[in-house]
Amino acid sequence: MSVLQDKFNAIIAKIDERITDQEELKFVKEQIVDLSMIYMDEINKIMDLSERRVNQVYENQKILEQKMAEIERGMNTIEKELFVEDEYDFEIVCPYCNHEFLTDVNSGKKEVECPECHNIIELDWNEEHECLGHCGSCGECETEDYEADVEKDIEENSEEEDNEDM
């Protein structure tokens, strides 16, 4: 501000040199001071407005940072649940003793042991397979004529293969 003050004083000194009438000099100096005050008031208003805007941007930034942190925590949770963890809790009902239990299994595991009867339970990962009538899990295997159904399935498969060969 000292540079501004020096320039202001230099202008007043030039006015002092040029104006010899004391009343005119006093009037001109008062007008210059009033004009300077008007400019200073406007500059102060602009600075206040700028400061309020900067503060508002700062507050908005803090809010956005909080929201981003919440989103990041949510994304980390989703990532852990979907992409990182290979093991999941499954409820299994033993087909031998009907005991229900939870176990951690991953998609690479093909079988699990029942903690009650200690039989090995094969895990079906919804892989396509053809029922030959003795799996016990599809509900169609438990017909009265089990042997006949198995033979019928084998014959149908053989006929289809023969037809394909022709």
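Just so we're clear, the structure is a prediction, and the values are computed from it rather than from any experiment.
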Student: I'd like to know if Met37 and Val28 are part of one continuous hydrophobic network [Ile/Leu/Val/Met/Phe/Trp/Tyr, side-chain heavy atoms within less than 4.5 Å].
Tutor: yes

Student: Could you measure the distance from the CG atom of Leu25 to the CD atom of Glu30? Nearest 0.5 Å is fine.
Tutor: 10.0 Å

Student: How many angstroms lie between CD1 in Ile19 and NZ in Lys29, if you round to the nearest 0.5 Å?
Tutor: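 One gets 9.0 Å once the value is rounded to the nearest 0.5 Å.
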
Student: Compute whether any side-chain donor of one residue and acceptor of the other, for Asn55 and Glu59, lie under 3.5 angstrom apart.
Tutor: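 Side chains of Asn55 and Glu59: no pair found under 3.5 Å.
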
Student: As an exercise, state the distance from CD1 of Ile38 to CD1 of Ile43, rounded to the nearest 0.5 Å.
Tutor: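 Answer for the CD1-CD1 pair, Ile38 versus Ile43, is 12.0 Å.
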
Student: Between atom CD1 of Ile12 and atom CD of Glu17, what is the distance when rounded to the nearest 0.5 Å?
Tutor: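 Ile12 atom CD1 to Glu17 atom CD measures 12.0 Å (nearest 0.5 Å).
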
Student: Is there side-chain contact between Glu70 and Arg73, with at least one heavy-atom pair below 4.5 Å?
Tutor: yes

Student: In this structure, would Val93 and Val112 fall into the same cluster of hydrophobic residues linked by side-chain contacts under 4.5 Å?
Tutor: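 No, because Val93 and Val112 fall into different hydrophobic clusters, even though each may have its own neighbours under 4.5 Å.
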
Student: Are the side chains of Met75 and Ile71 in contact, using a 4.5 Å heavy-atom criterion?
Tutor: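 Ile71 vs Met75: side chains touch.
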
Student: Any non-hydrogen side-chain atom of Glu42 less than 4.5 Å from a side-chain atom of Lys45?
Tutor: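 In short, these two side chains touch, coming nearer than 4.5 Å.
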
Student: Check Ile120 against Glu113 and note the closest heavy-atom contact, atom names and distance.
Tutor: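 The pair with the smallest heavy-atom distance is CD1-CB, 4.0 Å.
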
Student: Got a sec, which residues hit side chain to side chain donor-acceptor pair (under 3.5 Å) with Gln61, two or more places apart in sequence or on another chain?
Tutor: Glu65

Student: Kindly check if the number of other-residue, nucleotide or ligand heavy atoms within 6.0 Å of CD (Glu122) is above 12?
Tutor: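 It does not: Glu122 CD has 12 such atoms or fewer within range.
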
Student: Give a yes or no on whether Phe8 atom CZ has more than 12 heavy-atom contacts from other residues, nucleotides or ligands under 6.0 Å away.
Tutor: yes

Student: Quick check for you: to the nearest 0.5 Å, what is the distance between Met40 atom CE and Leu4 atom CG?
Tutor: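 If we round to the nearest 0.5 Å, Met40:CE and Leu4:CG are 7.0 Å apart.
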
Student: Could you give me the CA-CA distance, side-chain angles and deciding distance for Lys7 and Val3, then say whether side chain to side chain contact (heavy atoms under 4.5 Å, CB included) is met?
Tutor: CA-CA 6 Å; Lys7 288 183 180 182; Val3 174; 4.1 Å; yes

Student: Measuring from Ile121:CD1 to Phe101:CZ, what's the distance to the nearest 0.5 Å?
Tutor: 4.0 Å

Student: Less than 4.5 Å apart, any side-chain heavy atom of Cys117 and any of His99?
Tutor: no

Student: Quick check: do Leu35 and Gln31 have side-chain heavy atoms less than 4.5 Å from each other?
Tutor: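 No - every pair of side-chain heavy atoms lies 4.5 Å or more apart.
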
